[in-house]
Amino acid sequence: MSKGLPKRSEDYSLWYNELVKKADMAENSPVRGCMIIKPYGYSIWEKMQATLDKMFKDTGHQNAYFPLFIPKSYLSKEAKHVDGFAKECAVVTHYRLKASDDGQDVVVDPDAKLEEPLIVRPTSETVIWNSYKNWIQSYRDLPLLINQWANVVRWEMRTRLFLRTSEFLWQEGHTAHATKNEALRETEQMNNIYARFAEEFMAVPVIKGAKTASERFAGAEETYCIEALMQDGKALQAGTSHFLGQNFAKAFDVKFTNKEGKLDLVWGTSWGVSTRLIGALIMAHSDDEGLVLPPKLAPIQVVIVPIFKSDEQLEAISAKVHAIREKLLAKGISVKYDDRDTFKPGWKFAEYELKGVPVRLAIGPRDLENKTVEVARRDTKEKQVVNLDTLEDFIPSLLEDIQSNIYQKALTFRQENTREVDTYEDFKIVLDEKGGFVSAHWDGTAETEEKIKEETKATIRCIPFGGGTPGKCMVTGASSAQRVIFARAY
RNA sequence: CGGGAUGUAGCGCAGUCCGGUAGCGUACUUGCAUGGGGUGCAAGGGGUCGUCGGUUCAAAUCCGGCCAUCCCGACCA
């Protein structure tokens with residue numbers, strides 16, 4: 001582990017990349033655009049998974065698993081859907097290799113060509129709706145509320161660790177409903193769950209809203225989303241929830257008999273969040289020293305570092321530490337005691353800061369004498385000496401304090417970097433000089449949206465829920481029902 | 001697919017202009033000291049110089065092809 005991270009303020013991209021690698025979260029795989037998620041990065045994902053999975057199950061969803069391969073013909077059944085994904089699909093055309101003529105290599109066996117190419121799923125609507133056709137006959141089979149944890153492949157031209165990789169891990173929920181309203185409520189409910197997860201667990205404030213038609217999921221009638229602001233002033237789409245209307249039901253002929261005995265098409269939704277959330281977590285809180293993890297998602301919440309010279313000292317310290325550890329574990333706090341003598345205390349301090357461990361305890365001979373322990377918090381880097389007797393009450397409240405402090409910090413940052421503008425001139429200036437979210441009036445047309453994107457690289461991140469006051473479009477002067485959120489985005 | 005750059009030890013790089021037989025930092029191994037913020041000193045191990053070909057007495061270095069990676073664009077539910 002080499003020391004030193006590039007400065008966040010000097011080169012945000014480099015800082016991010018190095019941080020991901022040095023904190024031992026992930027690295028590039030031999031296949032371009034894919035990534036290897038290392039145990040530390042994966043353990044954060046596992047925490048996210050566990051939390052989200054519980055939220056899904058609490059709202060009546062069940063997990064299932066569908067195949068990785070999608071026959072090409074499935075994908076083409078929904079016209080808009082295939083349009084949206086066709087350009088980034090990995091395609092399997094053969095099922096066998098053979099030795100090359102000179103025996104030095106293996107080549108694709110031309111005799112092993114598949115009758116129909118298989119697409120490595122970029123998303124699973126098509127395979128899943130193909131099954132739903134068989135699973136749904138009556139209104140009694142509805143609603144069908146299914147989620148799957150899986151990997152998907154989208155062959156992006158340009159990739160970034162966690163934020164956009166060719167292969168990524170995610171959950172995708174796919175539900176079927178008897179009525180339009182119920183499906184709409186589901187779409188909204190899941191978007192709310194994502195927002196709650198982002199804010200309460202990731203400590204990342206998000207704006208909930210609807211996508212414009214051009215930013216919608218391919219095949220959806222409405223896409224809701226949560227949008228977060230990163231520390232470099234760029235926006236990141238953190239989760240999406242789609243109202244699919246009856247589009248996939250039509251494409252896959254999924255009909256049910258309603259209470260009146262009449263055939264009707266079912267209404268669908270789909271929603272997902274991915275390992276991109278880990279990227280959001282990193283970019284939202286971390287600093288020049290490394291990761292800053294919210295206690296609720298940190299794989300290690302408290303690390304204890306002993307300071308010792310001799311084996312006798314270590315033994316005495318360890319006895320104390322074990323008692324502390326037991327007490328904290330009993331309160332459901334994850335504690336790591338790093339008593340390795342192969343690394344020095346200073347090295348360990350830097351290492352756990354890099355990895356974003358929220359609280360560090362250091363205990364040495366001096367503390368044994370005074371019955372104290374040094375407590376350092378990662379978010380503010382403040383250190384204080386705490387009496388051993390009060391520690392078990394102090395730590396849980398400190399963890400809560402850190403959780404809310406980093407949320408507040410991120411919220412303040414977003415508020416300071418969200419600006420209302422009324423003219424296109426100001427819009428361009430703010431975007432270039434400050435970045436962040438820009439709240440402005442837009443006439444609602446795809447043409448204006450496209451023109452702005454073309455000229456400024458800013459996209460409409462969302463049309464925030466909750467409405468707002470009407471006004472005039474900053475570009476065309478036409479009337480606008482409410483302000484929308486623009487930003488340059490990842 | 002266009003524009004730019006890079007490929008030398010696990011990682012980060014110098015050496016290339018001006019050809020002469022492989023170097024620095026870090027990491028690793030060993031020893032001694034050290035230990036409350038990335039410890040110091042000493043010794044040691046580790047290299048098809050991306051790849052294929054050409055020029056030359058001699059190529060990491062010059063020339064050509066290929067491959068790969070990164071950055072900028074195009075692309076990005």
Side-chain angles (χ1 to χ4, degrees), chain A residues 1-6 11 13-14 17-18 21-22 24 27-33 75 78 80-89 121-126 152-161 163-166 168 170 172 211-225 236-237 239-244 270-274 276 289-290 305-311 313-314 317 339-355 360-370 372-376 381 383 385 453-454 457 459 488-490:
Chain A
M1 185 67 52
S2 60
K3 55 182 157 181
L5 206 57
D11 188 335
S13 293
L14 188 66
N17 257 312
E18 291 291 304
K21 288 174 189 163
K22 288 199 166 134
D24 223 21
E27 62 190 33
N28 286 313
S29 92
V31 176
R32 190 199 154 279
L75 209 68
E78 216 290 333
K80 281 186 185 152
H81 188 67
V82 70
D83 264 4
F85 285 103
K87 281 179 282 185
E88 52 188 50
C89 285
R121 61 177 167 222
T123 179
S124 303
E125 274 77 3
T126 53
V152 289
V153 168
R154 296 181 189 177
W155 214 261
E156 306 286 358
M157 307 233 136
R158 186 115 144 259
T159 60
R160 276 193 115 189
L161 291 168
L163 297 178
R164 180 173 292 109
T165 46
S166 297
F168 55 91
W170 76 344
E172 46 180 328
K211 286 289 184 193
T212 61
S214 69
E215 297 273 331
R216 241 172 240 155
F217 176 72
E221 304 221 319
E222 191 76 76
T223 289
Y224 298 157
C225 64
L236 184 74
Q237 177 176 299
T240 45
S241 182
H242 316 290
F243 169 63
L244 303 175
S270 68
W271 27 274
V273 293
S274 70
R276 169 180 262 204
E289 267 65 53
V305 177
I307 308 216
F308 61 97
K309 287 183 190 165
S310 62
D311 286 351
Q313 274 181 346
L314 177 60
I317 292 165
D339 61 350
R340 289 178 295 176
D341 62 358
T342 45
F343 293 96
K344 305 194 37 163
W347 190 92
K348 291 176 186 172
F349 291 173
E351 176 71 5
Y352 291 110
E353 268 165 19
L354 183 61
K355 290 197 165 178
R360 182 189 71 232
L361 306 182
I363 178 160
R366 199 194 298 159
D367 295 300
L368 286 188
E369 246 175 66
N370 304 335
T372 57
V373 56
E374 183 191 81
V375 179
K381 298 202 206 79
K383 287 194 270 197
V385 176
K453 183 178 176 182
E454 191 75 20
K457 294 191 194 298
T459 48
R488 292 192 178 129
Y490 278 102

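Proteins come first, then strands; the chains are lettered A, B, ... in the order of their sequence lines, and each starts at number 1.
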*Asks:* What's the CG-C1' distance between A/Leu354 and B/G38, to the nearest Å?
*Replies:*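 Spelled out: CG on A/Leu354 to C1' on B/G38 is 11 Å.
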*Asks:* Check whether any side-chain heavy atom of A/Thr123 lies under 4.5 Å from a side-chain heavy atom of A/Arg154, and answer yes or no.
*Replies:*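 Yes, side chains in contact.
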*Asks:* For A/Leu161 versus A/Thr165, what's the shortest heavy-atom pair and its separation?
*Replies:*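 Distance-wise, the nearest heavy atoms are CA-CG2, 4.1 Å.
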*Asks:* Looking at A/Tyr490, I'd like to know if the NZ or CZ of A/Arg164 sits under 6.0 Å from its six-membered ring centre while staying within 45 degrees of the ring's axis.
*Replies:*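 Not flagged: A/Arg164 not positioned over aromatic ring of A/Tyr490.
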*Asks:* Expressed as a whole number of Å, how far does the C1' atom of B/C67 sit from that of B/G23?
*Replies:*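 After rounding to an integer number of Å, I get 27 Å for this pair.
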*Asks:* If you look at every heavy atom in A/Pro122 and A/Val152, which pair is closest and at what distance?
*Replies:*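 The answer is O-CB, 3.7 Å.
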*Asks:* Taking atom P in both B/G3 and B/A22, what distance in whole Å separates the two?
*Replies:*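 It works out to 38 Å between them.
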*Asks:* Indicate for each nucleotide in nucleotides 70-77 of chain B, in 5' to 3' sequence, whether protein heavy atoms under 4.0 Å reach the base (B), only the sugar-phosphate (S), or nothing (-).
*Replies:* --SSBBBB
*Asks:* Between A/Lys381 (NZ) and B/G37 (C1'), how many Å, whole number?
*Replies:*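 In whole Å, B/G37 C1' and A/Lys381 NZ are 12 Å from each other.
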*Asks:* Taking CG from A/Asp341 and P from B/U34, how many angstroms apart are they, rounded to a whole number?
*Replies:*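 Rounded to the whole Å, the gap is 15 Å.
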*Asks:* Determine the minimum heavy-atom distance between A/Gln237 and A/Arg276, stating which atoms define it.
*Replies:*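 Here A/Gln237 and A/Arg276 meet closest at O-NH1, 3.1 Å.
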*Asks:* Rounded to whole angstrom, note down the C1' distance from B/G64 over to B/U55.
*Replies:*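 Result for the C1' pair: 11 Å, nearest Å.
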*Asks:* What integer distance in Å separates A/Ile363:CD1 from B/G35:C1'?
*Replies:*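 Between C1' of B/G35 and CD1 of A/Ile363: 16 Å.
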*Asks:* Starting the side chain at C-beta, find the nucleotide from B/G38, B/G37, B/G35 nearest to A/Arg360.
*Replies:*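 Selected nucleotide: B/G37.
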*Asks:* Could you measure between the two C1' atoms, the one in B/G19 and the one in B/C62, and give it in whole Å?
*Replies:*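 These two C1' atoms come out 8 Å apart once rounded.
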*Asks:* Output the rounded distance in Å from CH2 (A/Trp347) to C1' (B/C28).
*Replies:*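 So the CH2-C1' distance, A/Trp347 to B/C28, works out to 14 Å.
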*Asks:* Can you name the nearest heavy-atom pair linking A/Ser166 to A/Thr159, along with the distance?
*Replies:*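 Between these two residues, the closest heavy atoms are OG-CG2, 3.9 Å.
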*Asks:* Determine the Euclidean distance between corresponding C1' atoms of B/A27 and B/C11; express it in Å to zero decimal places.
*Replies:*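 That atom pair is separated by 7 Å.
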*Asks:* Distance check, C1' atoms only: B/A9 and B/C24, in whole angstrom units.
*Replies:*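 Straight-line distance between the two C1' atoms is 12 Å.
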